[in-house]
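So the structure is just underneath, and the comments pick up after that.
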Amino acid sequence: GPKVLQIPSHQIIDMGQMVTLNCDPVSNHLYFYWYKQILGQQMEFLVNFYNGKVMEKSKLFKDQFSVERPDGSYFTLKIQPTALEDSAVYFCASRPTFSGNTLYFGEGSRLIVV
Amino acid sequence: GEQVEQRPPHLSVREGDSAVITCTYTDPNSYYFFWYKQEPGASLQLLMKVFSSTEINEGQGFTVLLNKKDKRLSLNLTAAHPGDSAAYFCAVSGYAQGLTFGLGTRVSVFP
């Protein structure tokens, strides 16, 4: 089926540094999402993005977070600066325009902030 | 906003037995309902999406029931086998919003 690719799969970073998580969505998809999952807990919605703009974001999407997709390249989540509580697995998802809101998830990027 | 409650948080099932996971939600305008399966270290695999009222949907080795009147969604694993050991998440959304997930149910199938 359709595949969403995420790079890196794992990253360890010092608190206060910047990190960029990359997502290569399914090629004809136009809606993109980031979710955060702390180990063993539920998936929590961070943000969705369409046509170059943030459409909706949750209270978890702090000021230190930003998203962009410059010129159809990777859809990125940047955290600057990182905090210990940002340690989690971040899942990217995408969906086509007419899909009944069905999201296709990547395999996640595990971020450890030390 | 939407609240989704999923129970139970953990489930041990003997191989060949059935098991039921239930989610209740609060927003009466919820439109799409999903069950995802997540194996350890892997991403979410869509098991089924439903959007009709009170409906039984059969998949491979499971049945999904949606009752919009009671705002309840359930996943019934029939004749569990070791490959069913995973975390299962329900998710609910409006027509085009982000999904709200339940807390998940960790299922262990033992011989």
Side-chain angles (χ1 to χ4, degrees), chain A residues 1-7 9-10 21 23-26 29-51 54-61 67 88-110 112, chain B residues 1-11 21 23-25 27 29-52 55 57 59-60 64 66 73 86-108:
Chain A
K3 281 228 182 254
V4 174
L5 301 176
Q6 288 188 240
I7 301 167
S9 58
H10 295 80
L21 305 179
C23 173
D24 187 9
V26 179
H29 289 189
L30 299 179
Y31 293 81
F32 313 121
Y33 301 77
W34 283 104
Y35 282 80
K36 176 181 180 181
Q37 185 182 38
I38 293 175
L39 187 64
Q41 298 185 23
Q42 74 189 114
M43 302 273 283
E44 295 188 277
F45 169 74
L46 285 176
V47 65
N48 67 12
F49 187 87
Y50 169 74
N51 198 26
V54 170
M55 303 300 288
E56 188 183 1
K57 59 185 179 180
S58 73
K59 61 180 186 298
L60 294 179
F61 194 77
V67 290
V89 181
Y90 291 84
F91 288 95
C92 175
S94 69
R95 70 168 178 93
T97 304
F98 303 108
S99 70
N101 216 27
T102 299
L103 302 189
Y104 295 87
F105 285 85
E107 294 195 347
S109 293
R110 185 176 301 275
I112 300 172
Chain B
E2 175 82 87
Q3 304 281 330
V4 177
E5 186 172 323
Q6 182 173 343
R7 293 189 183 279
H10 297 91
L11 202 48
I21 305 169
C23 288
T24 54
Y25 59 95
D27 187 347
N29 296 316
S30 296
Y31 194 85
Y32 292 113
F33 306 86
F34 305 82
W35 282 103
Y36 283 91
K37 176 182 179 182
Q38 185 182 33
E39 294 180 11
S43 186
L44 283 84
Q45 172 195 351
L46 179 66
L47 286 180
M48 187 169 282
K49 178 182 80 179
V50 297
F51 55 91
S52 298
E55 183 170 346
N57 293 268
Q60 271 196 322
V64 170
L66 171 63
L73 175 73
Y88 292 82
F89 293 90
C90 65
V92 178
S93 79
Y95 190 69
Q97 291 82 10
L99 306 185
T100 301
F101 283 83
L103 282 173
T105 298
R106 272 122 198 105
V107 173
S108 298

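Note that the structure is predicted; figures quoted are calculated from it, not measured. By convention in this document, chain letters (A, B, ...) are assigned in the order of the sequence lines, proteins followed by strands, and residues within each chain are numbered from 1. These values consider heavy atoms only, across backbone and side chains, with no hydrogens, waters or symmetry-generated copies.
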Handout entry: Heavy atoms of other groups near E2(B) CD, more than 12 under 6.0 Å
Key =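 Atom CD in E2(B) is crowded, with more than 12 foreign heavy atoms closer than 6.0 Å.
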Problem - Whether over 12 other heavy atoms sit under 6.0 Å from R110(A) CZ - result: no
Exercise for the section: Could you tell me whether the side chain of T102(A) reaches within less than 4.5 Å of the side chain of F34(B), counting heavy atoms only? Expected result: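 They are in side-chain contact.
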Practice task
Compare every heavy atom of G102(B) with every heavy atom of Q42(A), then report the nearest pair and how far apart it is.
Solution key: CB-O, 3.2 Å
Practice task
Grab the two heavy atoms, one from F105(A) and one from S43(B), that are nearest each other, plus how far apart they are.
Solution key: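 The pair with the smallest heavy-atom distance is CB-OG, 3.2 Å.
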Practice task
Go through the atoms of Q41(A) and report whether side chain, backbone, both or neither lie under 4.5 Å from a heavy atom of chain B.
Solution key: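 Just the backbone, heavy atoms under 4.5 Å.
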Practice task
Measure distances from Y35(A) to the heavy atoms of chain B and classify the residue's part below 4.5 Å as side chain, backbone, both or neither.
Solution key: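 The answer is the side chain of Y35(A).
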Practice task
Against chain A, label L46(B) side chain, backbone, both or neither, depending on which of its atoms sit under 4.5 Å from a heavy atom there.
Solution key: side chain
Handout entry: Side chain / backbone / both / neither for Y36(B) at chain A, heavy atoms under 4.5 Å
Key = side chain
Exercise for the section: Can you measure from CG (L99(B)) to CG (L103(A)) and round to the nearest 0.5 angstrom? Expected result: 4.5 Å
Exercise for the section: Using only heavy-atom distances, determine whether the side chains of Q38(B) and Q37(A) contain a donor-acceptor pair under 3.5 Å. Expected result: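 A donor-acceptor contact under 3.5 Å links the two side chains.
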